[in-house]
Amino acid sequence: MAVPQAEYELPWGRARGMLFPGTHRMLNTKGISFSPPWQISDVGKPDQPKATELDARRAVARFAQLPIVIAEDDLVSRTLISNLMEKWGFKAVVAQDGQEAMKALRAEQGPALAILDWMMPGMDGLQVCRRIRESEKMVYVILLTSLGTKENIVEGLHAGADDYLIKPFDKNELLARIQVGFRILELHGVLAARVKELEEAATEIGDLKLRIPL
């Protein structure tokens with residue numbers, strides 16, 4: 001029985017690989033087995049709008065300057081996800097592991113969104129989450145993993161992740177979760193600005209009280 005073929009996109013163009021029935025495993029052109037980070041059903045199909053297809057243009061128009069840090073140690077998955085970000089028009093910062101991700105996040109002056117793979121050598125996604133929360137930097141974290149039990153989800157969220165996406169995932173679901181993350185960051189920014197205004201107003205009121213004779 002012939003093994004079905006599937007096409008997938010890489011930076012240097014389109015390539016074909018063998019798809020194993022009932023799984024999401026493929027063989028690349030060098031015969032190396034790998035799993036794409038999203039569902040095979042979304043790979044190799046024409047870019048035709050679906051009922052659930054999302055349009056990234058509105059999000060890009062509002063949040064194009066907010067960086068998305070992508071930490072993924074697998075070259076193929078990292079390339080595919082970063083290509084998606086580029087296709088959608090987002091500002092992507094690519095990291096090969098958790099340490100590079102932390103360095104990239106520290107370099108950003110304002111808020112950011114991070115897409116972190118859980119299983120990475122050295123500093124994994126959970127450790128990055130914990131360090132982000134210890135630093136109190138405003139980062140919306142989406143944790144990617146093939147671990148899908150309730151215990152894993154609880155562990156990931158408890159470590160500081162804001163959202164959790166199980167591989168293989170639908171790319172439109174990823175886009176939807178990115179849009180949610182940007183809205184949360186925007187609301188946080190508005191709230192922080194209001195708090196600053198209230199603090200400045202309270203300071204001015206305090207100064208006026210000192211100047212007015214009793």
Side-chain angles (χ1 to χ4, degrees), residues 54-72 81-82 84-86 88-118 120 122-145 150 152-166 169 172-214:
L54 295 178
D55 191 345
R57 287 175 295 181
R58 290 185 179 180
V60 171
R62 292 173 63 188
F63 309 112
Q65 299 306 313
L66 285 178
I68 299 178
V69 175
I70 303 165
E72 168 65 75
I81 295 174
S82 61
L84 262 185
M85 298 302 112
E86 181 180 351
W88 288 334
F90 293 122
K91 176 186 174 183
V93 180
V94 182
Q96 299 184 26
D97 52 40
Q99 291 181 341
E100 285 191 8
M102 283 303 306
K103 183 178 180 181
L105 289 169
R106 290 193 185 104
E108 296 295 337
Q109 299 300 316
L113 187 144
I115 301 174
L116 307 176
D117 185 40
W118 182 324
M120 292 186 290
M123 187 187 302
D124 62 19
L126 293 188
Q127 291 174 300
V128 176
C129 286
R130 294 189 185 101
R131 293 200 178 188
I132 289 172
R133 299 313 169 210
E134 289 172 359
S135 69
E136 298 184 352
K137 183 178 179 64
M138 187 55 196
V139 179
Y140 189 91
V141 178
I142 301 174
L143 195 62
L144 302 182
T145 180
K150 291 181 180 180
N152 296 137
I153 295 174
V154 170
E155 185 180 5
L157 296 176
H158 185 68
D162 296 290
D163 206 345
Y164 195 103
L165 201 53
I166 300 171
F169 54 82
N172 290 297
E173 183 179 0
L174 174 61
L175 176 57
R177 291 170 186 263
I178 288 173
Q179 291 175 331
V180 170
F182 280 149
R183 290 200 298 269
I184 297 296
L185 291 174
E186 183 180 41
L187 289 172
H188 181 273
V190 171
L191 180 59
R194 294 288 173 84
V195 169
K196 184 177 180 180
E197 290 175 1
L198 290 174
E199 290 175 345
E200 292 175 350
T203 300
E204 290 179 4
I205 292 172
D207 292 340
L208 288 173
K209 286 182 178 179
L210 294 174
R211 295 174 187 174
I212 298 175
L214 299 178

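Values reported hereafter were calculated over all heavy atoms of this structure, with side chains retained and with hydrogens, waters and symmetry mates removed.
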Trainee: Do the side chain of Lys103 and the main chain of Ala95 share a donor and acceptor less than 3.5 angstrom apart?
Mentor: no
Trainee: When rounded to the nearest 0.5 angstrom, what is the spacing between CD in Glu155 and CG in Leu126?
Mentor: 5.5 Å
Trainee: Shortest non-hydrogen contact from Cys129 to Leu116?
Mentor: SG-CD1, 4.1 Å
Trainee: Give the minimum heavy-atom separation between Ile132 and Ser135, together with the two atoms involved.
Mentor: O-OG, 2.6 Å
Trainee: Roughly how far, to the nearest 0.5 Å, is the CD atom of Gln179 from the CG atom of Leu174?
Mentor: 10.0 Å
Trainee: For Ala104 and Val93, which heavy atoms make the closest approach, and how far apart are they?
Mentor: CB-CG1, 3.8 Å
Trainee: Could you tell me if the side chain of Asp97 sits less than 4.5 Å from the side chain of Met123, heavy atoms only?
Mentor: no
Trainee: So, taking the atom named CG in Leu175 and the one named CH2 in Trp88, what distance separates them when rounded to the nearest 0.5 Å?
Mentor: 4.5 Å
Trainee: Looking at side-chain heavy atoms only, is the closest gap between Arg133 and Val141 below 4.5 Å?
Mentor: yes
Trainee: For Val139 and Ala114, work out which heavy atoms get closest and say how close.
Mentor: CG1-CB, 3.9 Å
Trainee: Determine, for Arg130 against Glu134, whether the closest basic-nitrogen to carboxylate-oxygen distance falls under 4.0 angstrom.
Mentor: no
Trainee: State, with a plain yes or no, whether a side-chain heavy atom of Leu144 is found less than 4.5 Å away from one of Ile81.
Mentor: yes
Trainee: Taking the six-membered ring for Trp, are Tyr164 and Trp118 parallel (under 30°), tilted (30 to 60°) or perpendicular (over 60°)?
Mentor: perpendicular
Trainee: Among Ile115, Ile68, Asp162, exactly one meets side chain to side chain contact (heavy atoms under 4.5 Å, CB included) together with Tyr140. Which residue is that?
Mentor: Asp162
Trainee: What are the two closest heavy atoms between Leu66 and Pro111, and how far apart are they?
Mentor: CD2-O, 3.6 Å
Trainee: What are the two closest non-hydrogen atoms of Ile70 and Ala92, and how far apart are they?
Mentor: CD1-CB, 4.1 Å
Trainee: Is Glu108 reaching over with its side chain to a backbone N or O of Leu105, donor-acceptor style, under 3.5 angstrom?
Mentor: no
Trainee: I need the Asp163 CG to Ile153 CD1 distance, nearest 0.5 Å.
Mentor: 10.0 Å
Trainee: Drop me the distance from Arg106's CZ to Arg131's CZ, to the nearest 0.5 angstrom.
Mentor: 6.5 Å
Trainee: NZ/Lys91 to CE/Met85 distance, rounded to the nearest 0.5 angstrom?
Mentor: 15.0 Å
